[in-house]
Amino acid sequence: MGEPPPDGLQRILIPADPLTARTRELGREISEHYGDRVPVLVGVLKGAIVFLADLMRAVDVPVECDFIAVSSYGRASRSSGVVKLVADLSLPIEGREVLIVEDIVDTGRTLAYLQRNLETRQPRSVRVCTLLDKAARREVPVALHHVGFTIPDEFVVGYGLDYAGRFRNLPYIAVLDQGHPSGP
Ligand code: IMP
């Protein structure tokens, strides 16, 4: 038995080792797909930073990276459904191969917005790599090209994902304790 999870967490869903192993596999898939076509990995701030940092080191072909930020849940654990661009890319992506790197796809609204937004800039392609897929919650159909783990409908934190700004630094994915005083 491992250590009990810290206060505010119910249980560890994906420990650090499986996260590392799956991220390496995704890196191989991505390397095979792009070969020498130099994609721009677009990390969706802030949740994807930890995953992107590990993923890009698992890719053994040349890549560039950039970041984009969209409005997220704020302090609530369910999306309002309204998505807004908060910070834009620093690179032009016209004619480029773009790989959106997400922490989690839930309803699909954020991703659908991002895909629409990036497509208007005439990239050569837009593909998606997400660490987590909460498939049962999908409201908007979105194509996911590389998926780390499909997870149940539970609110998860850690490895970049937060609740009210907390827990991003955990090296594993854990389920938030919804009944805890600091929970939603
Ligand atoms: P969607 O637009 O409903 O697909 O939500 C996507 C965004 O909501 C993600 O990029 C996360 O920021 C946030 N989100 C959805 N589910 C979770 C979760 O279980 N934990 C933490 N953040 C989540």
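Order of listing sets the numbers, starting from 1, for every ligand and every atom in it.
Using 4.0 Å as the threshold, Leu111 has no heavy atom nearer than that to any atom of ligand 1. Residue contacts with ligand 1 leave out Val140, since none of its heavy atoms falls under 4.0 Å from the ligand. Under the 4.0 angstrom criterion for non-hydrogen atoms, Arg137 is not in contact with ligand 1. Put simply, no part of Gly47 is less than 4.0 Å from ligand 1, judged by heavy atoms.
Residues meeting the side chain to side chain contact (heavy atoms under 4.5 Å, CB included) test with Ala53, sequence neighbours left out: Arg57.
Of the candidates Ile93, Leu99, Ile100, Val126 forms a side-chain contact (heavy atoms from CB on, under 4.5 Å) with just one, namely Ile100.
Across Thr107, Val83, Val82, heavy-atom proximity to atom 1 (P) of ligand 1 is greatest for Thr107.
A salt bridge does not link Asp103 to Lys46: none of the charged nitrogens lies less than 4.0 Å from a carboxylate oxygen. With salt bridges taken as basic N to acidic carboxylate O contacts below 4.0 Å, none links Asp66 and Arg96.
Atoms of ligand 1 lying under 4.0 Å from any heavy atom of Lys134, numbered from 1 in the order shown and given with element: 16 (N), 17 (C), 18 (C), 19 (O). Near Glu154, meaning under 4.0 Å from one of its heavy atoms, ligand 1 places the atoms 19 (O). Heavy-atom contacts of Asp162 reach the following atoms of ligand 1: 21 (C) (cutoff under 4.0 Å). Heavy-atom contacts of Arg109 reach the following atoms of ligand 1: 2 (O), 4 (O) (cutoff under 4.0 Å).
In this structure, the side chain of Arg28 does not engage the main chain of Ala58 through any donor-acceptor pair within 3.5 Å. With hydrogens and angles disregarded, no donor-acceptor distance shorter than 3.5 Å links the side chain of His145 to the backbone of Cys129.
Considering backbone and side-chain atoms together, Gly108 places an N or O closer than 3.5 Å to an N or O of ligand 1. Residue Asp103 has at least one nitrogen or oxygen atom sitting less than 3.5 Å from a nitrogen or oxygen atom of ligand 1, judged on distance alone. Taking any N or O of Val156, backbone or side chain, at least one lies under 3.5 Å from an N or O belonging to ligand 1.
Arg168 CZ: more than 12 foreign heavy atoms inside a 6.0 Å radius.
For residues 8-17, the pairs satisfying side chain to side chain donor-acceptor pair (under 3.5 Å) are Arg11-Glu154, with sequence neighbours left out.
Proximity of Leu161 to ligand 1, defined as any heavy-atom pair under 4.0 Å, is confined to the side chain (atoms from C-beta onward).
Using a 30° and 60° split on the angle between ring planes, Tyr159 and Phe51 fall in the tilted class, from 30° to 60°.
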